Structures are given as C-alpha cells and as structure tokens.
Protein chains: 2
Amino acid sequence: MDDPVDARLAAEVSRDPRATLAQLSERVGLSASAVQARLRKLESTGVITGYQAILDPEAVGKPLAAFIEITPLDPRQPDDAPALLEPIAAIEACHSVAGDAAYMLFVRVGSPRELEALVSEIRHTASVNTRTTVVLQTFYEHRPMLPLPDAGE
Amino acid sequence: MDDPVDARLAAEVSRDPRATLAQLSERVGLSASAVQARLRKLESTGVITGYQAILDPEAVGKPLAAFIEITPLDPRQPDDAPALLEPIAAIEACHSVAGDAAYMLFVRVGSPRELEALVSEIRHTASVNTRTTVVLQTFYEHRPMLPLPDAGE
DNA sequence: ATTGAAAACGAAGCCCT
DNA sequence: AGGGCTTCGTTTTCAAT
C-alpha cells in the first residue's frame, strides 16, 4: 500500500467507514467506480481488516478498564497464555511485550468486583502472575492510525 | 441502554457496522424501519460514539507499537499532559491510570528510530519521564465490547 | 456512463400500554 | 394519548454491464 491515493482512501475510510462511495470519491478525487475497485482491493489484500462501531463503555455497562501485565509462573512450561485466554470476552486486546512482563492485556469490566474475578480467572486459567493497572480516566482512544493528508482546498 | 433489543443491536452493529438495515432487522427480529429508528437513537444518545475501519498496522507503515507510561517531572506543575500530547498523531490512546505512572499511552510508529523520536517529543512536550514497553506481537485487539446474546432458536 | 436492483428514508396507520 | 412497530412509496446508492 504505497500509492498515495490508497493511503488517502484508507485514511478516509478508517475515519468514516459508512461513507458512501460517492462521498469517498469526492474526497479522494476519483470516480465512484474507481474508489469501489480500490476499496475492494484494500479489503482483499488485508489492508482493511475489518470494521467496527465504537460504543461508549459506560453506556454498555463496562465503565472500568484496566491493563493487566501477565508473567508465567514457571518459565519452563510451554507458554500459550494468549490461546488459553482468548475465550475470555472481557479481554479486548492481548500483546506480547518486551519488558518485565510477558504479555499485556487490556480489559473492560463492569465493576471492581468483576475485575477481581477476572484477574483471578486469568491467573488460574493461564498459570500466570498478574500486575493490574486500573484506568482512572480515558482522555482519548481509537484515534485513527493514518493522518489525513492535509486538506488543501 | 437496558433494553435487551438495544443491547443486541449494539452488539451486532459493533461487530458489523456496515450491515444493512435489512440484515440487522433479521438478526434482531424487527423491521428495518424500527432498526433504523433504534440505531439513530443509539447514536444520538451516545451509546454508539462512532465507526471505524480497522487497518493492518504493518500494511500502513506502522509495524511498531508500544505502551508508554508517563510521569510528570514536577508533581507541583499543573498537569495537562493529555491536552499537550493530543496533537501528536502517533498516540492512539491516552488514559490516566492508578499506579506508578500518571498516564498510559498507546502509540504506533514505523520504526525504532521513530519511536525514539516520539518518546523524546513526548518527554519535552509534556515535561514528563517515560517508561516504554515495546509490543513484540499482537495476538488480538479491537475485540468487541459486547458479547453476542447466545443464538437460541 | 447507464441501468436494474437494493438499500435507506419518510409518512401514515395500527397496536399496546 | 403516547410510544413504538409495521407497511408502503419515494429517493438515493449500489454494482454490473
């Protein structure tokens, strides 16, 4: 994905995935058909991997978020923590990281009580120690990955 | 948002925001118009805060992600780090957290060299110390906030 | 570009509370 | 009455020629 028009298109669609082809065609300066073809290509080549509606965590009953770093109890054991934890729906993201811990999770729950239960579940499901950092306030998240090529005109 | 149909609708649309009203109407068991009305309401009441296409970080030139914890150098200074850092596009999320650090950022860049520059920019823009945890591999992220009410019937 | 199909939108009427 | 659902007709958007 090096074409500047593709980059622009990806930036536009990542901000507003429900825009019509006509709207996108205005913004990138191509015909709707051309935009459509490029979009399909971006999807099929895996540049666009999916679409998502962003929900207000409080409104859907998940006001509490936290980062949980996890470290295997026994470094000798085979380590498939990500796979073991994958069924737990409260886990929104799972990365392996460089640093003190082996993995970093991002989780959302409804209450401190639920967080306690979740941490406990993670510990005994994956045989790990945990270090939890509670989110007090989210200033912003889900910001677009690509900058909009500055809007001249 | 306590209505079970709204919950179902929010779950469906968060997974597949480009579904048509007709498709959604099948899944929630209402007419397309009713679905449309409820969707508009979910949007206007702020339950649905936006839509996003998910891009492959590698494909768009941001293969390197990291968590950056930041701590103000001088606890006495007024602390508006989130506002100061907001213009930096590489920062995808900014949370205040309980724990050693004051804030947790999630960032994406193209290279270690860029990460170095970013950390430096963050430090001197917000007058903070930083602790960077590099992401080695992402197993999953962007997982839906709401479980799909199990498909009975 | 054009055209047929499909989706979205808005209006009017119905049912249930 | 009021709110929400359905159905229907119109307009806009989509997708393939």
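Small disclaimer: the values here were computed from a predicted structure and weren't measured. In the text below, chain A, chain B and the rest are named by the order of the sequence lines, each starting its count at 1.
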Name the pairs: protein N/O against N/O of nucleotides 14-17 of chain C, kept only if under 3.5 Å.
none

Trace of the side-chain contact (heavy atoms from CB on, under 4.5 Å) decision for Val134(B) with Leu115(B): CA-CA 9 Å; Val134(B) 169; Leu115(B) 182 56; 4.0 Å; yes
Steps toward side-chain contact (heavy atoms from CB on, under 4.5 Å) verdict (Leu39(B), Leu21(B)): CA-CA 9 Å; Leu39(B) 262 186; Leu21(B) 295 177; 4.0 Å; yes
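Annotation: side chain to side chain donor-acceptor pair (under 3.5 Å) contacts of Thr130(A) (sequence neighbours excluded): Arg123(A). In terms of the side chain to side chain donor-acceptor pair (under 3.5 Å) criterion, Gln36(B) has no residue partners (sequence neighbours excluded). Residues meeting the side chain to side chain contact (heavy atoms under 4.5 Å, CB included) test with Thr20(A), sequence neighbours left out: Ala22(A), Gln23(A).
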Pair up each side-chain donor or acceptor in residues 85-92 of chain A with any protein partner under 3.5 Å, not counting sequence neighbours, and list the distances.
from: Glu86(A); atom 1: OE2; to: Arg143(B); atom 2: NH1; distance (Å): 3.3
from: Glu92(A); atom 1: OE1; to: Arg108(A); atom 2: NE; distance (Å): 2.7

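Bracketed by its first and final contacts, the part of DNA chain D lying under 4.0 Å from non-hydrogen atoms of chain B reaches from dG4(D) to dC8(D) in 5' to 3' order.
A salt bridge between Asp100(B) and Arg131(B) is absent, with no side-chain N of the basic residue lying under 4.0 Å from a carboxylate O of the acidic one. Ion pairing between Lys41(B) and Asp6(B) fails under the 4.0 Å rule for side-chain N and carboxylate O.
Residue Leu24(B) contributes atom CG, which lies 12 Å from atom P of dC9(C) at whole-angstrom precision. The distance from atom CZ of Arg18(B) to atom P of dA6(C) is 18 Å, rounded to the nearest whole Å. The distance from atom CD of Gln23(A) to atom P of dA7(C) is 18 Å, rounded to the nearest whole Å.
When hydrophobic side chains of Ile, Leu, Val, Met, Phe, Trp and Tyr are connected at separations under 4.5 Å, Ile54(A) ends up as a singleton with no cluster partners.
Here ring-ring contact (aromatic ring centres under 6.0 Å, His included) pairs that include residues 56-96 of chain A, with residues two or more places apart or in two chains, are Phe67(A)-Phe106(A), Phe67(A)-Phe67(B), Phe67(A)-His95(B), His95(A)-Phe67(B), His95(A)-Phe106(B). Counting only residues at least two apart or on different chains, the side chain to side chain donor-acceptor pair (under 3.5 Å) pairs with a member in residues 45-59 of chain A are Glu43(A)-Tyr51(A). Screening residues 112-142 of chain A for ring-ring contact (aromatic ring centres under 6.0 Å, His included), with sequence neighbours left out, gives Phe139(A)-Tyr103(B).
Helix-axis bend for the helix from dA1(C)-dT17(D) to dT17(C)-dA1(D): the local axis fitted to the five terminal pairs at one end deviates from that at the other end by 20°, rounded to 10°.
Side chain of Ser14(B) to backbone of Ala11(B): a donor-acceptor contact under 3.5 angstrom is found.
For the segment residues 30-37 of chain B, residues with any heavy atom less than 4.0 angstrom from an atom of DNA chain C are, sorted by number, Ser33(B), Gln36(B).
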